Undergrad: 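Here it is, the structure, as structure tokens.
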Amino acid sequence: MKILVIGSGGREHALAWKIKQSPLVDEVFCAPGNPGMDEIGPCFDVDPTDLSKMQELVLQIVPDLIVIGPEAPLAAGLSDALRARGFDVFGPSEKAAQLESSKGFSKDMMAKFDVPTAKYGRFTDLTEALDFLETMDAPYVIKADGLAAGKGVVICQTLEEAENEVEAMMTGKFGDASSEIVIEEFMEGEEASIFVLTDGEGALYLPAAQDHKRAYDGDTGPNTGGMGAYAPAPVVTPRIMELVQTLIVEPMLDGMAEEDMPYQGVLYVGIMVTPSGPKVVEFNARFGDPECQVLMAGLPGDIVPALLICATGGLVTAHAQIAEMMGLSDFQPTATVVMATDGYPGSYPKGSIIDGIEQANALEDVTVFQAGTDKDSDGKLIANGGRVLGVTATGEDLKTAVSAAYSGVDQINWPEGFFRKDIGWRAL
Ligand code: AMP
Ligand code: GLY
């Protein structure tokens, strides 16, 4: 089989790496890919949101399966365009991907199907939004409706701050993405992420993962795309997982099918574990990054049958067999430590030289996934983005996995980079 992986982050490197290990797979292609993915298979420099260029590429490769990693091409309708040409695609339709691309849509769906989440209001009118704020208590949670590269949620401690934020968003802070906003109740608790592979009917639950959103140790500093992750996350007990399944995922999947937009691909369920049970913080239409790195490395089996059946249907009948092929019940504890360029998530320089990836990869149980990397004119690996490497390791328990990941980090010689030293602290 030939599989095309779309995207260029650590998430897509991990997907391509895992897919390449499948005995079903002859060749993995990537678009646009990165230097790490280039070692797995040919990379094509095509923008995933350019639907016509992507279709040209796909007609040239003729893959048996296309796996779409990031949200932007999903929201742009790439999966619909490729399916219309007869290709099997892992990734939701543009309509179904609104669970991520419109926070208001997502909240309305949750309300309609009685899925537990924070109380909210949805606004396009500034005066109405400001009036609603007065009916809420601090802290105030304000969200841009559309995609804002992970920056669209602001939590304000005072009413004045909240009013200013609402006004800034509605007058163009994130362009069109924040002309509509959601204001919601603040939820207390511990966060976790649950990833569900689905063909729209059946569902395979991957072990719960936890991300580290803040830039610095002790969960301090600005929010980032994620500075590390681990799985399984013990905060999601079997009881919580059961509640997520029956109160959140099953009603959402049934509801989306009823609304004529069945959800296929991976559903990312961000939850808050509150004293009154799990509540949805957000849905995303894709794997989390770095969570995907942890999940791909920790699964001992073959991911390809699962990806394929989500794209083509039939998961309900084949569920037990697919779960066994993935090795779902033998998932190994795994941790990823993200190495980022100094300055991230603010501005940072590009072009610093990174050494030691081979040495890190040579360690038992360690794999380095690449994200914002490039090659310079001498073929040396250089940093070309904020989050640059995901040093990932498995272990017999989480503690061993975390310590192996840090042994990997020790092998990397990159003075311009930084990383958090406390990945997994909540579980350890
Ligand atoms: P999101 O992009 O929706 O994941 O929001 C970013 C982060 O904001 C989440 O990971 C939470 O830490 C926080 N957050 C979002 N909504 C809420 C809420 N209603 N209550 C508390 N924290 C929230
Ligand atoms: N790590 C969080 C995300 O990918 O959205």
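Whatever order the structure lists ligands and atoms in, that order sets their numbers, starting from 1. Every value quoted in this text rests on a predicted model; they were computed, and no experiment measured them.
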Undergrad: Given 3.5 Å as the limit, does a donor-acceptor pair link the side chain of K421 with the main chain of Y216, or not?
TA: no

Undergrad: So if I only count non-hydrogen atoms and take anything under 4.0 Å from ligand 1, which residues does that give, chain by chain?
TA: K103, A118, V141, K143, V153, I155, E184, E185, F186, M187, E191, K213, M272, V281, E282

Undergrad: Have K107 and T117 got a donor and an acceptor in their side chains that come within less than 3.5 Å?
TA: yes

Undergrad: Can you find an N or O of D289 that's nearer than 3.5 Å to an N or O of ligand 2?
TA: yes

Undergrad: Tell me if the NZ atom of K95 is crowded by more than 12 foreign heavy atoms within 6.0 Å.
TA: no

Undergrad: We want to know whether D145 and S102 form a side-chain donor-acceptor pair, criterion being a heavy-atom distance below 3.5 angstrom.
TA: yes

Undergrad: Taking the side chain as every heavy atom from C-beta outward, state whether M169 and V154 have any pair of such atoms under 4.5 Å apart.
TA: yes

Undergrad: Below 4.0 angstrom from a heavy atom of G225, which ligand 2 atoms are there? Numbered from 1 as shown, please.
TA: 1 (N), 2 (C)

Undergrad: Could you identify the single nearest non-hydrogen protein atom to atom 2 (C) of ligand 2 and state the distance to 0.1 Å?
TA: D211 OD2, 3.2 Å

Undergrad: Could you list which atoms of ligand 2 come closer than 4.0 Å to a heavy atom of Y268?
TA: 2 (C), 3 (C), 5 (O)

Undergrad: Any N/O of G288 closer than 3.5 Å to an N/O of ligand 2?
TA: no

Undergrad: For ligand 2, which is the ligand I care about here, please tell me if R286 has any N or O atom under 3.5 Å from one of the ligand's N or O atoms.
TA: yes

Undergrad: Can you see which heavy atom on A209 is nearest to which on F195, and at what distance?
TA: CB-CE1, 4.4 Å

Undergrad: Indicate, as side chain, backbone, both or neither, the part of E291 found under 4.0 angstrom from ligand 2 when only non-hydrogen atoms are considered.
TA: side chain

Undergrad: If we check side-chain contact (heavy atoms from CB on, under 4.5 Å) with K103, which of these qualifies: I181, V153, L147?
TA: V153

Undergrad: Within a reach of under 6.0 Å around CG of D254, are more than 12 heavy atoms found that belong to other residues, nucleotides or ligands?
TA: yes

Undergrad: I'd like to know if the side chain of Q293 pairs up with that of D289 as donor and acceptor (distance under 3.5 Å, no hydrogens or angles considered).
TA: yes

